[in-house]
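Below: the structure, in structure tokens.
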Amino acid sequence: MSILVDKNTRLIVQGITGREGTFHAKGCAEYGTKVVGGVTPGKGGTTHEGWPVFNSVADAVAKTGANVTVIFVPPPFAADAIMEAADAGMPLIVCITEGIPTLDMVRAAEYLKDRKSRLIGPNCPGIISPGKCKVGIMPGKIHKEGRVGIVSRSGTLTYEAVYQLTLRGIGQSTAIGIGGDPIIGTNFVDAIALFSSDPETEAIIMIGEIGGNAEETAAEYVRKNVKKPVVAFIAGQTAPPGRRMGHAGAIISGGHGTASEKITALEAAGIRVAKSPAMIGETLAHAWRKGANA
């Protein structure tokens, strides 16, 4: 059984009647994911592209038995959509929306603390267990079923790593895009802990970037707890201090969060670090042959 999503996933789409929600709902369904309906307030009782539409997540869960939701709701309303899903008891919430106000996410993160829902994102590509289930916007065709777990702050670099592995005949167990915002749900440690205990995952790729200390925290966790081979790549190695590079959380502040600091921490934990994005697949293949971190 895959972590978080698998063939038993029953997916609803919040914002299904919007252009983006419609497009990616179709993409998930075409990949084989069981899309069982959508949520658009005020349109409950109608159908959209053959799927039933509900006014609320609670209604959708009650009528369809959904256990995963993916959110394509505009930024001003996305945090409320996250909290609504948590309030309905949704086990897994995947928020694709980019540009959610930070204060809104502070409120949503606090709300989730007392609930059992797991959030992936926001500002992320989602999660896929190749050959089983796709919940998000990633191109399914580049993935191959296998035993390498991937967790990344960057959607684009996730696809790059996946494609390099697939070209080498190396499949993936699950790939999780955790998002590049300052406040997210599932973080590196959460994902690596899942991969570490997953019998279908034999090696792990972590793709980080400048800003914050999430990669250093993950390195310490790997050093103390993970026996499987782990490789990493840090994006933004040439970024000047104070310059934000793409993601809201990718900014060096006060001299902290630099690529060199992160690479030093990762290597000290026995994690092999790819020198460039083009070497992620090669580095993983070499580390896997060598075995556990050393």
Got Thr9 and Lys34 here, is their nearest side-chain heavy-atom distance under 4.5 Å? no

Do Leu119 and Ile100 sit in one hydrophobic cluster, given that two such residues count as connected whenever their side-chain heavy atoms are within less than 4.5 Å of each other, even indirectly? yes

Tell me whether Lys224 is salt-bridged to Glu220, with the criterion being a basic N under 4.0 Å from an acidic carboxylate O. yes

Sub-4.5 Å side-chain heavy-atom contact between Thr102 and Asp104: no

Side chains of Leu266 and Ile234 in contact at under 4.5 Å (non-hydrogen atoms): yes

Are Leu157 and Met279 in one and the same hydrophobic cluster, where Ile, Leu, Val, Met, Phe, Trp and Tyr link if side-chain heavy atoms are under 4.5 Å apart? no

Can a donor-acceptor pair be found, under 3.5 Å and without considering hydrogens, that links the side chain of Thr33 to the backbone of Lys134? yes

Any sub-3.5 Å donor-acceptor pair from Thr258's side-chain atoms to Glu261's backbone N or O? yes

Test of understanding: clusters of I, L, V, M, F, W, Y form through side-chain heavy atoms closer than 4.5 Å, transitively. Do Val68 and Ile82 belong to the same one? no

So do the side chains of Thr22 and Phe72 get within less than 4.5 Å of each other, counting heavy atoms only? no

Between Glu110 and Arg107 (salt bridge meaning N to carboxylate O under 4.0 Å), is one present in this structure? no

Determine the minimum heavy-atom distance between Ala60 and Ile12, stating which atoms define it. CB-CD1, 3.8 Å

Interatomic distance, Ile3 atom CD1 to Ser197 atom OG [nearest 0.5 angstrom]: 7.5 Å

Are the side chains of Phe195 and Ile176 in touch, meaning some heavy atoms are under 4.5 Å apart? yes

Are Arg147 and Glu200 within salt-bridge range, i.e. N to O under 4.0 Å? no

What do the steps show when you test Val5 against Leu92 for side-chain contact (heavy atoms from CB on, under 4.5 Å), and what is the final call? CA-CA 9 Å; Val5 297; Leu92 180 64; 3.6 Å; yes

Shortest non-hydrogen contact from Gly44 toward Asn55: N-OD1, 2.8 Å

Please examine the side chains of Val148 and Thr201, heavy atoms only from C-beta on, and report whether any two atoms are closer than 4.5 Å. no

Does a side-chain heavy-atom distance below 4.5 Å link Leu284 with Arg168? no

A cation-pi test, strictly: NZ or CZ of Arg115 under 6.0 Å from the centre of the six-membered ring of Tyr111 and no more than 45 degrees from its axis. Yes or no? yes

In Å and rounded to the nearest 0.5 Å, what is the CD1 to NE2 distance from Ile96 to His24? 8.0 Å

With a 4.0 Å cut-off on N to O distance, would you call Lys132 and Glu145 a salt bridge? yes

Rounded to the nearest 0.5 angstrom, the CD1-NZ distance for Ile16 and Lys43 is 11.0 Å

What heavy-atom pair brings Glu84 and Val57 nearest, and what distance separates the two atoms? OE2-N, 2.7 Å

Using every non-hydrogen atom in the two residues, find where Pro122 and Met105 come nearest and quote the distance to one decimal. CD-CE, 3.7 Å

Measure the spacing between CG of Leu4 and CD1 of Ile128 and express it to the nearest 0.5 Å. 13.5 Å

Would you say Arg10 and Thr64 are linked by a side-chain donor-acceptor pair, where the criterion is simply a distance under 3.5 Å? no

Backbone N or O of Phe77 within a donor-acceptor pair of the Asp80 side chain at under 3.5 Å? no

Output the distance between atom CD1 (Ile205) and atom CD1 (Ile170), rounded to the nearest 0.5 Å. 8.0 Å

State, to 0.1 Å, how close Gly15 and Val73 come at their nearest heavy-atom pair, and which atoms those are. N-CG2, 4.3 Å

Do you see a donor-acceptor pair shorter than 3.5 Å between the side chains of Ser154 and Ser152? no

Quick check against the 3.5 Å criterion: does Gln14 have a side-chain atom that pairs as donor or acceptor with the backbone of Val39? no

Does the side chain of Glu215 reach to within under 4.5 Å of the side chain of Ile263, using non-hydrogen atoms? no

Let me confirm one number: the OG1-CH2 distance from Thr46 to Trp51, rounded to the nearest 0.5 Å. 13.0 Å

Check the hydrophobic clustering (I, L, V, M, F, W, Y; side-chain heavy atoms under 4.5 Å; chains of links allowed) and say if Ile183 and Phe188 are grouped together. no

Is the number of heavy atoms from other residues, nucleotides or ligands under 6.0 Å of Tyr159 OH greater than 12? yes

A quick test of your reading: do over 12 heavy atoms of other residues, nucleotides or ligands sit less than 6.0 Å from OH of Tyr221? yes

Between Glu267 and Lys275, does any NZ, NE, NH1 or NH2 come within less than 4.0 Å of an OD or OE carboxylate oxygen? yes

Heavy-atom closest contact (Ser196 atom, Ile204 atom, distance): N-CD1, 4.3 Å

